Protein chains: 2
Amino acid sequence: MLPLASQRSPKPEDLPSELSGLRLTKQRREVLAVILQERDHPTANDVYLRSQNRMPSISLATVYNCLEALVSHGIVRQVNFEREPSRYCPNLADHCHFQDQNTGKIHDVFFKEGVKLEDFLDLPQGTEISHLEISLKGNIGH
Amino acid sequence: MLPLASQRSPKPEDLPSELSGLRLTKQRREVLAVILQERDHPTANDVYLRSQNRMPSISLATVYNCLEALVSHGIVRQVNFEREPSRYCPNLADHCHFQDQNTGKIHDVFFKEGVKLEDFLDLPQGTEISHLEISLKGNIGH
DNA sequence: AAATAGAATTAGAATTATTCTAAAATATCT
DNA sequence: AGATATTTTAGAATAATTCTAATTCTATTT
């Protein structure tokens with residue numbers, strides 16, 4: 001199977017029944033399909049609303065449960081901007097996020113080829129980074 | 001006067017009565033003094049508890065108001081780690097934050113001399129960044 | 001296929017950080 | 001001082017998220 005991040009918008013039924021050791025139940029598959037469908041970094045509530053199209057009986061608690069399962073199994077990334085509600089991103093490649101202050105839209109931003117953390121940060125030596133989040137805000141054009 | 005970030009722990013009464021166009025009321029001065037005193041990135045609630053030592057009548061709402069005033073006037077920085085409560089930091093120098101997962105403590109991390117955003121990020125051209133937050137988690141030693 | 005056991009889903013309550021509201025207090029201006 | 005604006009305050013409200021406990025589903029075993 002193609003890596004998830006490269007598939008366009010698989011329907012829930014096209015997704016496998018297990019992924020990275022996580023059983024993909026109907027709901028988890030639906031939630032994942034929603035996240036893969038529109039890569040606009042939806043919030044949990046956005047995912048809830050969109051899931052209801054195909055699965056009107058899904059509950060918000062389940063959406064939260066599914067998101068947590070997908071995130072903890074490394075299938076989806078949780079993205080935070082200050083105190084705003086968390087957003088979810090299926091792009092697992094090393095990248096960070098830019099929020100256009102005019103539109104509110106969030107864009108993936110990638111690292112320059114071959115750049116390492118130690119190249120631009122003065123980390124206390126011996127530090128092992130397990131989690132990194134870079135969030136940018138600003139304007140495009142001028 | 002010395003830049004705030006370089007003063008060790010001014011008592012509230014040592015702080016000026018106005019700063020960056022913000023009137024420093026008794027409470028704002030107290031809140032600011034608390035943040036300058038222990039640079040351990042306290043949460044609003046930490047600030048509230050510490051302020052009560054010298055000012056037992058201060059309210060939590062006031063602490064939030066003061067923090068908001070200090071942050072919006074660029075006197076203090078608000079620091080976020082995922083969904084944890086915001087923390088506050090008097091170091092205005094361009095820097096980011098590392099949370100030691102063993103101790104929970106947060107350390108300031110600085111950029112390598114002369115590094116610019118565009119050196120390590122592939123920003124869509126024409127982007128003007130108004131806000132940048134980098135949060136790291138991991139372990140020190142091995 | 002029925003019985004069982006474990007896991008997932010659900011509705012709704014609970015939690016928690018933060019914001020809001022409206023009144024009281026304080027400061028500033030004339 | 002009196003008028004006006006700003007700040008503080010207590011407590012209520014909000015909103016995202018987590019928890020609880022009951023139910024339903026799934027997979028496995030008989």
Side-chain angles (χ1 to χ4, degrees), chain A residues 12-13 15-34 41-52 54-73 75-88 104, chain B residues 12-13 15-34 41-52 54-73 75-88 104 106 135:
Chain A
E13 57 275 26
L15 292 167
S17 69
E18 208 198 275
L19 202 56
S20 317
L22 178 71
R23 205 173 94 211
L24 283 192
T25 62
K26 241 186 322 147
Q27 288 82 344
R28 287 177 186 161
R29 234 177 292 139
E30 175 58 40
V31 164
L32 179 54
V34 163
H41 304 87
T43 64
N45 198 56
D46 294 335
V47 173
Y48 173 52
L49 295 174
R50 293 178 197 175
S51 300
Q52 289 184 318
R54 276 181 294 216
M55 192 181 267
S57 65
I58 198 170
S59 79
L60 181 57
T62 298
V63 170
Y64 273 104
N65 288 342
C66 293
L67 290 170
E68 142 69 17
L70 293 168
V71 168
S72 67
H73 282 73
I75 299 166
V76 153
R77 256 182 74 181
Q78 186 169 8
V79 173
N80 297 293
F81 268 88
E82 305 187 314
R83 310 240 89 244
E84 297 171 26
S86 287
R87 296 166 172 280
Y88 297 87
Chain B
E13 58 274 26
L15 293 168
S17 70
E18 206 197 277
L19 203 56
S20 318
L22 178 71
R23 208 173 89 211
L24 284 190
T25 62
K26 243 187 321 146
Q27 289 81 345
R28 287 175 185 161
R29 233 177 292 138
E30 175 59 37
V31 164
L32 178 54
V34 163
H41 305 88
T43 64
N45 198 56
D46 293 336
V47 173
Y48 173 51
L49 295 174
R50 292 177 198 175
S51 300
Q52 289 185 316
R54 277 181 292 214
M55 192 181 269
S57 66
I58 199 171
S59 80
L60 181 57
T62 298
V63 170
Y64 272 103
N65 289 342
C66 294
L67 289 171
E68 142 69 17
L70 293 168
V71 168
S72 67
H73 282 74
I75 299 166
V76 153
R77 257 183 73 181
Q78 186 170 8
V79 173
N80 297 294
F81 268 89
E82 305 187 313
R83 310 241 88 244
E84 297 171 25
S86 286
R87 298 167 172 279
Y88 297 88
I106 289 170
S135 309

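Every value quoted in this text rests on a predicted model; they were computed, and no experiment measured them. All values below come from the heavy atoms of this structure, side chains included, with hydrogens, waters and symmetry mates left out. Every chain is numbered from 1 and lettered A, B, ... according to where its sequence line falls, protein lines coming before strand lines.
Between the C1' atom of dT18(D) and the CD atom of Gln78(A) lies a distance of 13 Å, rounded to the nearest Å. Distance, Met55(B) CE to dT8(D) P: 9 Å, rounded to whole Å. The distance from atom CG of Leu60(A) to atom P of dA13(C) is 15 Å, rounded to the nearest whole Å. Rounded to whole Å, the distance from CD on Glu82(A) to P on dA15(D) is 19 Å. The CG atom of Asp46(B) sits 11 Å away from the P atom of dT18(C) (whole-angstrom rounding). Leu67(B) has its CG atom 15 Å from the C1' atom of dT7(D), to the nearest Å. Per the geometry, CD1 belonging to Ile58(B) stands 8 Å off P belonging to dT8(D), to the nearest Å. Glu18(B) has its CD atom 11 Å from the P atom of dT7(D), to the nearest Å.
Thr62(A) comes within contact range of at least one nucleobase, with a heavy-atom separation under 4.0 Å. Among the heavy atoms of the strands, none lies under 4.0 Å from Asn45(B). Among the atoms of the strands shown, none is found under 4.0 Å from any heavy atom of Thr43(A). Residue contacts for Ser86(B): at a heavy-atom cut-off of 4.0 Å it reaches the sugar-phosphate backbone alone, with no base atom in range.
A donor atom on one side chain and an acceptor atom on the other are found under 3.5 Å apart for Gln52(A) and Tyr48(A). Between the side chains of Thr43(A) and Asp46(A), a donor-acceptor pair is found at a separation under 3.5 Å.
Side-chain N/O atoms of Thr25(A) include none lying less than 4.0 angstrom from OP1 or OP2 on dC25(D). Within the structure, a side-chain polar atom (N or O) of Gln27(B) is placed less than 4.0 Å from OP1 or OP2 of dT9(D). Residue Tyr64(B) places none of its side-chain N or O atoms closer than 4.0 Å to OP1 or OP2 of dT19(C). For the OP1/OP2 pair of dT18(C) and a distance below 4.0 Å, the side-chain nitrogens and oxygens of Arg83(A) include at least one atom meeting the criterion.
Both Leu22(B) and Lys26(A) lie close to DNA chain D; mapped to their nearest nucleotides by heavy-atom distance, the more 5′-ward contact belongs to Leu22(B). When each of Asn80(B) and Arg23(B) is assigned the nucleotide of DNA chain C bearing its nearest heavy atom, the one mapping closer to the 5' terminus is Asn80(B).
A 4.5 Å side-chain heavy-atom check between Val34(B) and Val63(B) finds every atom pair outside the cut-off. Between Asn80(B) and Asn80(A) there is no side-chain heavy-atom pair separated by less than 4.5 Å.
Of all heavy-atom pairs spanning Leu22(B) and Arg28(B), the tightest one is CD1-NH1, 3.4 Å.
For Ala61(A), the side-chain atoms get nearest to dG12(C) when compared with the rest of dG12(C), dT18(C), dA10(D). With dA11(C), dT17(D), dT9(D) as the candidates, the nucleotide lying closest to the side chain of Asn65(B) is dT9(D).
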